[in-house]
Amino acid sequence: MLDKTYDPQPVESKWCGAWRRSKLFGSQAAASSGPKPFVVVIPPPNVTGALHIGHALNNTLQDILVRWHKLHGRPVCWVPGTDHGGIATQNVKERQLKAENKTRHDLGREAFVSSMQSWSSECKKTILGQLERLGCGLDWDREAFTMDAARAKAVHAAFESYWKKGLIYRGERMVNWCVRCGTALSDIEVEYEERKGHLWHIHYPLKGGGEGLTVATTRPETMLGDTAVAVHPKDARYAGLIGKSLTLPLMERDIPVVADDVVESSFGTGAVKVTPAHDPNDFEIGGRHGLALIKVIGPDGKMTSEAGAYAGLSREKARDKVLEDLKAGGRLVKTEDHRHSVGVCYRCMSAVEPLVSKQWFVRMKDLAAPALKAVEEGRFRIYPESWTKPYVEWLSNIRDWCVSRQIWWGHRIPVWYCAACREKDGYKPQVGASQPASCPDCGGTVLEQDPDVLDTWFSSALWPFSVFGWPDQGPDLSFHYPTSVLVTGYEILYLWVARMQMSGLEALGQVPFEHAVIHGIVRDKKGKKMSKSLGNVIDPLVMMDKYGTDALRFSLAVQAHPGRDIPFSEESLTGSRNFANKLWNSTRFVLMNLPETAPEGGLSLKGFAPEALDLCDRWILAEYAQTLSRCRGLMKEYEVAAAADVLYGFLWDRFCDWYVELAKIRLQGADEAAKAAPRAVLAHVLTGTLKMLHPFMPYITEELYASLKPFVGEHADFLLRSGAPEPGSEWESAGAIREMGRLIDVVKALRTLRSEMCVPPGLRISAIAEGGESRDRDLLFKYGEYVRFLARLSELKPSHDGERPPHSATAVASGMTFFVPLEGVIDLSKERQRLEKEVGRLEVEAARLAAKLGDAVFMERAPREQVDLSRSQHADANARLGRLKDVLKSL
RNA sequence: GCCCAGUUGGCGCAGUGGUAGCGCGCUCCCUUGACAUGGGAGAGGUCAUAGGUUCAAAUCCUAUACUGGGCACCA
C-alpha cells in the first residue's frame with residue numbers, strides 16, 4: 001500500500017540510478033539505419049559552479065521534449081556536455097586567486113591552465129550530476145566538453161578551413177577592450193548601460209592665437225590623443241575654420257579642423273574632438289582624413305607614455321587631472337550633466353575601452369548569407385516566431401567577429417610564427433594544431449604559437465557537429481546531423497544560435513537544427529533578474545530537496561509560455577507539489593479498488609462496448625481522448641506550458657473531482673459484476689494520463705506506473721518503453737460530454753443550494769424535479785444515482801401533478817425545477833433573497849439576448865448557427881426565469 | 001531614433017471574432033473510507049486609453065500611454 005503522501009527522495013534516487021544503469025537513454029540512436037532519431041544537443045553549461053534555476057528551466061524543457069518523443073516511439077539522443085566558458089570561467093578562478101592575494105601571473109600560464117583544468121573537471125562532475133538528478137534523459141555515453149580533445153580537433157579543423165578560404169584574418173582594428181579582464185571582446189559581448197555622466201565643454205584656441213572653438217566631450221582624458229577637431233561641412237559657424245590649425249591644450253600640439261558629414265551640428269557645440277585611437281567613430285573619421293593614431297590609453301587601462309605628464313595614471317585619475325588642469329588654464333568652458341549609455345563587458349560589467357589592437361577576425365558576411373537563406377526558405381524556424389525578425393536583422397547587419405582573446409583559458413589559436421620572419425612585410429604565419437618543424441621561408445626552427453586563445457563561442461558554434469565527431473565524416477555524424485531542435489534562452493540568440501547556424505551551414509551545408517525553441521529568463525516574483533548580489537536567487541537544488549524534483553520541473557514547465565520570462569516564486573512550488581500528491585493519491589485510490597492481483601493481460605477495456613459502459617465511463621474516456629489530442633497538438637508547437645496545463649486540468653478536475661467520485665458508486669456497491677467497468681476505466685485512463693505527464697514529472701509517474709502496469713496488461717521495465725497511450729479517437733463522444741454536462745449542472749445547482757441555505761454537509765435531503773424536456777428528465781432519472789450521490793440526497797423523485805412541497809428551497813438547472821423540502825431548516829426571507837438575485841441576473845441576460853434577436857441587422861447578417869444559438873440561449877434564460885418567478889410567487 | 005513584445009479579478013498568467021478562464025490568495029462550510037499537500041460553495045474583472053473595421057472585438061486595424069526587450073546612436 002502506498003503511503004498517504006508522496007515522499008520524493010527515495011523514489012528519485014531509485015529511478016535516477018535505474019534509468020542510467022539500464023541505459024534507457026543510451027545509444028539507441030547510434031549509427032544505424034533505423035528511423036530518424038530525435039536529436040538534441042544540450043546548451044553546455046559553463047563550468048563555473050553549480051546549476052542555477054535557469055539551467056533547471058532549460059534542461060527541464062529539453063527533457064520534456066526528449067521524453068515526449070521517446071514515449072511516442074522515436075529513438076532519442078540528447079547529448080550532455082559542458083562549456084569551458086572562456087572569460088567567465090577564468091574570472092571566477094582569478095577571483096579565487098585574488099582572495100589569496102595572487103594573480104594568474106604568479107602561477108604562470110601552464111600552472112594556471114592546469115589548475116583551471118582540475119577545478120573545471122570538478123565543476124563538470126557537479127553539474128552533470130545535478131542534471132541527472134533533475135531527471136534529464138541524457139545519453140551519458142556521449143558526454144562532451146568544449147575543450148576536450150575531440151572538440152579541439154574540431155576547433156582546429158574549423159580554424160584551418162576558414163583560414164584556407166580567407167574567412168579568417170589578423171588585423172589591427174578598433175576593438176572593444178575590457179580593461180579589467182585584459183582582453184578584447186566581440187561586439188555582442190558588450191552590453192550598454194545608461195549611466196550618469198557629464199558633458200564637458202573645452203576650448204581649443206586657434207594656432208598662433210585667435211578665437212578657435214569649443215568642443216564638447218564626455219571623455220576629456222582622451223583629448224590627450226586628439227589629432228583633429230571635426231565640424232559639419234555645412235555648419236556656418238565653423239566654415240571659416242575648416243583647414244585651419246588649433247592648438248591642443250595641455251599637449252600644445254597642432255591639430256587640424258576637418259569637415260565631416262557624421263558630425264551632428266545640433267549636438268553639444270557642433271564641434272567634435274577626434275581621437276582615432278580611442279573611439280570607433282573617430283577611428284573612421286581618422287581614416288577618411290588621414291589622421292595619425294595616438295594611443296594614450298594602454299591595455300591595462302593606464303595612460304601611456306604618449307600621454308605626456310599624465311603617463312601612468314589610470315583612466316579615471318587622468319580624467320580628474322585633465323579637468324583640473326584645463327580649469328586652471330581657463331580652457332574648461334562649461335560642465336553639463338549628461339546621461340549616456342556606456343558599453344560594459346558582459347562578464348564583469350566594467351566600462352569597455354575602445355582600443356586599436358591587432359586581433360584575429362572572422363569575416364562574417366559570406367557566412368551569414370546561407371543562414372539568412374535558411375530562415376527565408378523555412379529550413380530553420382524559431383519558436384516563438386517573434387524572435388525571427390531580430391535574428392534576421394542581426395544577421396543582415398553582421399560585422400566581423402573578433403575571435404582572439406588575451407586570456408589563458410581556452411583553445412590556443414593554432415597559428416605559429418617564425419621568430420626570424422614574423423616582422424617581415426607580408427609574412428604569413430603557419431596554421432595548424434601542432435608546431436611545424438620549421439619555417440618554410442627561412443627554414444628556422446624557432447616557432448612561436450600565438451599566445452591568444454579563441455573566443456569561447458568559437459568552439460560553442462561547432463557544438464552540434466563537434467559532438468558527433470566532426471571533422472570526421474563518420475556514420476555517427478550523418479545519422480545525427482542535422483539535430484532536431486535546440487532549446488535555449490533569447491539572451492544567446494546571436495552569441496550562440498546564429499553562430500551555430502552559420503558554422504553548421506559552412507561546415508556541413510545543412511542547418512545544425514531545424515527548430516530553435518526560445519524560452520525566457522527565470523526572474524524573481526517581482527520580475528527582477530535573479531542575482532547573488534540582490535540575494536533573490538532561488539537554488540533549484542534546495543527546491544528539489546524541499547518539494548521534490550517533479551514539483552520543480554512541473555512548476556517551471558507550466559509557466560514556460562513560449563518566449564516569456566517566468567516570475568518565479570517558491571509558492572508556485574507548493575501547487576506543483578500538491579499536484580504530485582494528487583497524482584499519488586489518485587493512484588492510491590485506484591489501486592485500493594482494483595483486484596489484489598492483476599488478471600493475465602490486464603483489465604481489458606476492449607471487452608466493453610461503448611453502450612455497455614456507464615455514462616460517466618464514456619464521459620471520462622471522451623474527455624481523456626480529447627485531452628490526449630489537445631496535448632499532442634500543443635506539443636507539436638512546443639507549447640509546453642499549455643500542454644502541462646491541459647493535463648493538470650484533466651487529471652484534477654475531470655478525473656479526480658468527477659470521475660473518481662462517480663466510480664465510487666459502483667466500487668462501493670455490493671454488485672461485484674458492476675465493478676468491472678469502472679476498474680478497467682480507472683486503470684486505463686490513469687495509466688495513460690501518467691504516461692502523458694511523465695515527460696513533465698518523470699519520477700513520480702515512473703513509480704506509479706510500475707504499480708499500475710499489470711492492470712493494463714503491460715510489462716515494460718520503464719514507462720518510456722511501454723508505448724504511448726493509444727488510441728484516443730475511438731472514445732471520442734460529444735454526446736457523452738453533453739449529457740454529463742447536464743448532470744453536472746444539476747449537481748452544482750443542488751450543492752449551491754445546500755451551501756447557501758446552510759444545510760449541514762452531513763444531512764441528506766430529498767429533491768423533487770419538475771418540468772423539463774423529456775430527454776433531460778429521462779437522463780436525470782436514468783442517472784439519478786449520480787445526483788443523489790454527489791449532491792448527498794436521500795432521494796430524487798419526479799413531481800406528480802405539479803406538486804410543490806411547501807417550505808422548499810428551489811434550484812433551476814438543465815431545464816428543470818428542483819424543490820428541496822427544508823421544513824424547519826428553511827429561512828423564507830433568505831430563500832426569497834437568493835431567488836431574487838438569480839432572477840435579476842437572468843433578466844439582464846434575457847434582455848441582452850432579446851435585444852440581439854430584435855436587431856434586424858444581426859438577424860440578417862449573422863450566420864445561421866449564431867442566430868440559432870442566441871435563440872436557444874434566449875429561450876433557455878426565459879424558461880429559467882419563468883420557473884424562478886413562478887416559485888417566487890408561490891413562496 | 002527604429003523595431004518587437006506585453007498591459008485581463010489582490011498577485012502571477014491562459015485565452016487570435018459570439019461580452020471571460022486557470023493557479024495562488026481571500027470569505028464561508030466540511031476531517032465523508034484516495035488525498036486537509038483534501039473536498040464543497042462564494043466574493044472579486046466595463047480585458048491600459050481613444051478611435052476604427054464588423055451584425056458582433058479581450059481577440060482584427062490605427063493612435064496614445066506605461067512596462068520590458070532587441071538594434072542603432074550616444075562628441
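What you are looking at is a predicted structure, and each value in this text was computed from that prediction instead of being measured.
Nearest nucleotide to the side chain of A:Lys748, out of B:A34, B:A41, B:U19: B:A41. Nearest nucleotide to the side chain of A:Pro390, out of B:G70, B:G38, B:C74: B:G70. Of the listed nucleotides (B:C13, B:C74, B:C55), B:C13 has the atom at the smallest distance from the side chain of A:His561. Between B:G18, B:G23, B:C29, one nucleotide has an atom nearer to the side chain of A:Pro761 than all others, and that is B:C29. Closest contact between the side chain of A:Ala862 and the listed nucleotides B:G69, B:A34, B:C55 involves B:C55.
On a pure distance criterion of 3.5 Å, no polar donor-acceptor pair joins the side chain of A:Lys389 and the base of B:C4. For B:U54, the base has no donor-acceptor partner in the side chain of A:Arg861 [N/O atoms by modelled type, under 3.5 angstrom]. A donor and an acceptor atom never sit less than 3.5 Å apart when one is taken from the side chain of A:Ser386 and the other from the base of B:C4.
Side chain to side chain, A:Glu12 and A:Thr549 meet the donor-acceptor criterion of an N or O pair below 3.5 Å.
Contact check on A:Glu353 versus A:Arg315 returns a salt bridge, with a Lys/Arg side-chain nitrogen under 4.0 Å from an Asp/Glu carboxylate oxygen. Using a cutoff of 4.0 Å between basic side-chain nitrogens and carboxylate oxygens, A:Glu221 and A:Arg219 are scored as salt-bridged. Salt bridge annotation for A:Glu756-A:Lys830: absent, with no cationic side-chain nitrogen under 4.0 angstrom from a carboxylate oxygen. Remark: A:Glu570 engages A:Lys546 in a salt bridge, criterion side-chain N to carboxylate O under 4.0 Å.
Where A:Ser586 and A:Leu199 meet RNA chain B, the nucleotide closest to each residue was compared, and A:Ser586 sits on the side nearer the 5' end. Nearer to the 5' terminus of RNA chain B, by closest-nucleotide assignment, is the contact made by A:Thr752 (compared with the other of A:Arg339 and A:Thr752).
Nucleic acid contact for A:Tyr494: sugar-phosphate only, since backbone atoms but no base atoms lie under 4.0 Å from a heavy atom of the residue. Looking at heavy-atom distances under 4.0 Å, A:Trp200 makes no contact with the nucleic acid at all. Among the atoms of the strands shown, only primed sugar atoms or phosphate atoms (P, OP1, OP2) are found under 4.0 Å from some heavy atom of A:Lys837. As judged by a 4.0 angstrom heavy-atom cut-off over every strand, A:Asp657 is placed among residues touching the sugar-phosphate backbone only. No contact: A:Glu860 has no heavy atom under 4.0 Å from any strand. Backbone-only contact: A:Arg399 has heavy atoms under 4.0 Å from sugar-phosphate atoms and none from a base. Residue A:Arg792 is classed as a base contact, given a heavy-atom separation below 4.0 Å to a base. Among the atoms of the strands shown, base atoms are found under 4.0 Å from some heavy atom of A:Cys656. Across all strands, A:Ser341 comes closer than 4.0 Å to base atoms (heavy-atom distances). Residue-level contact check: A:Val263 touches the bases, meaning some heavy atom is under 4.0 Å from a base atom.
When Watson-Crick and G-U wobble pairs are counted only if both distances are under 3.5 Å, B:G68 pairs with B:C4. Across all strands shown, B:C11 forms a Watson-Crick or G-U wobble pair with B:G23, both key distances being under 3.5 Å. The base-pairing partner of B:A50, taking Watson-Crick or G-U wobble contacts with both distances under 3.5 Å, is B:U62. Pairing partner, B:U16: none, since no Watson-Crick or wobble contact has both distances short of 3.5 Å. Pair check for B:G38 finds B:C30; Watson-Crick or G-U wobble, both atom distances under 3.5 Å. Base-pair partner of B:C74: not found among the strands shown (Watson-Crick or G-U wobble, both distances under 3.5 Å). In this entry B:G44 has no Watson-Crick or G-U wobble partner, no candidate having both defining distances under 3.5 Å.
Atom C1' of nucleotide B:A41 and atom CD1 of A:Ile765 are separated by 13 Å, given to the nearest angstrom. For A:Arg864 and B:C55, the CZ to C1' distance is 16 Å, given to the nearest whole Å. Atom CD in A:Glu838 sits about 10 Å away from atom P in B:G42, given to the nearest Å. Distance A:Asp565 CG to B:G69 C1': 9 Å, rounded to the nearest Å. Protein atom CD of A:Glu385 is 12 Å distant from nucleotide atom C1' of B:A5, rounded to whole Å. Summarising the geometry, the separation between CG on A:Leu750 and P on B:G40 is reported as 15 Å, rounded to the nearest angstrom. Separating the CG atom of A:Asp524 from the P atom of B:C11 is a distance of 16 Å, rounded to the nearest angstrom. Nucleotide B:C35 holds its C1' atom 18 Å from the CH2 atom of A:Trp658, rounded to whole Å.
Under 4.0 angstrom from either OP1 or OP2 of B:A34 there lies at least one side-chain N or O belonging to A:Lys664. An OP1 or OP2 oxygen of B:G68 is reached within less than 4.0 angstrom by no side-chain nitrogen or oxygen of A:Arg564. Residue A:Lys546 places none of its side-chain N or O atoms closer than 4.0 Å to OP1 or OP2 of B:U37. In this structure, A:Asn281 does not reach the B:C73 phosphate: none of its side-chain N or O atoms is under 4.0 Å from OP1 or OP2.
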Distance-only donor-acceptor pairs under 3.5 Å for side chains of residues 657-669 of chain A, two or more places apart:
from, atom 1, to, atom 2, distance (Å)
A:Tyr659, OH, A:Asp617, OD1, 2.5
A:Glu661, OE1, A:Lys664, NZ, 3.4
A:Glu661, OE2, A:Lys664, NZ, 3.0
A:Arg666, NH1, A:Asp617, OD2, 2.8
A:Arg666, NH2, A:Asp617, OD1, 2.8
A:Arg666, NH2, A:Asp617, OD2, 3.3

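Relative ring orientation between A:Phe579 and A:Trp652 is described as parallel, the plane-to-plane angle staying below 30° on a 0-90° scale split at 30° and 60°. Ring geometry for A:Tyr6 against A:Trp584 counts as tilted: the plane angle lies between 30° and 60°, on a 0 to 90° scale.
As rounded to the nearest Å, B:U16 and B:A57 have C1' atoms that lie 11 Å from one another.
Residues from residues 566-577 of chain A with heavy atoms under 4.0 angstrom of RNA chain B, sorted by number: A:Pro567, A:Arg577.
You'll find the side chain of A:Leu495 reaches within 4.5 Å of the side chain of A:Tyr346, heavy atoms only.
Partners of A:Gln866 according to the side chain to side chain contact (heavy atoms under 4.5 Å, CB included) rule, which considers only residues two or more places apart in sequence or in another chain, are A:Ala862, A:Pro863, A:Leu869.
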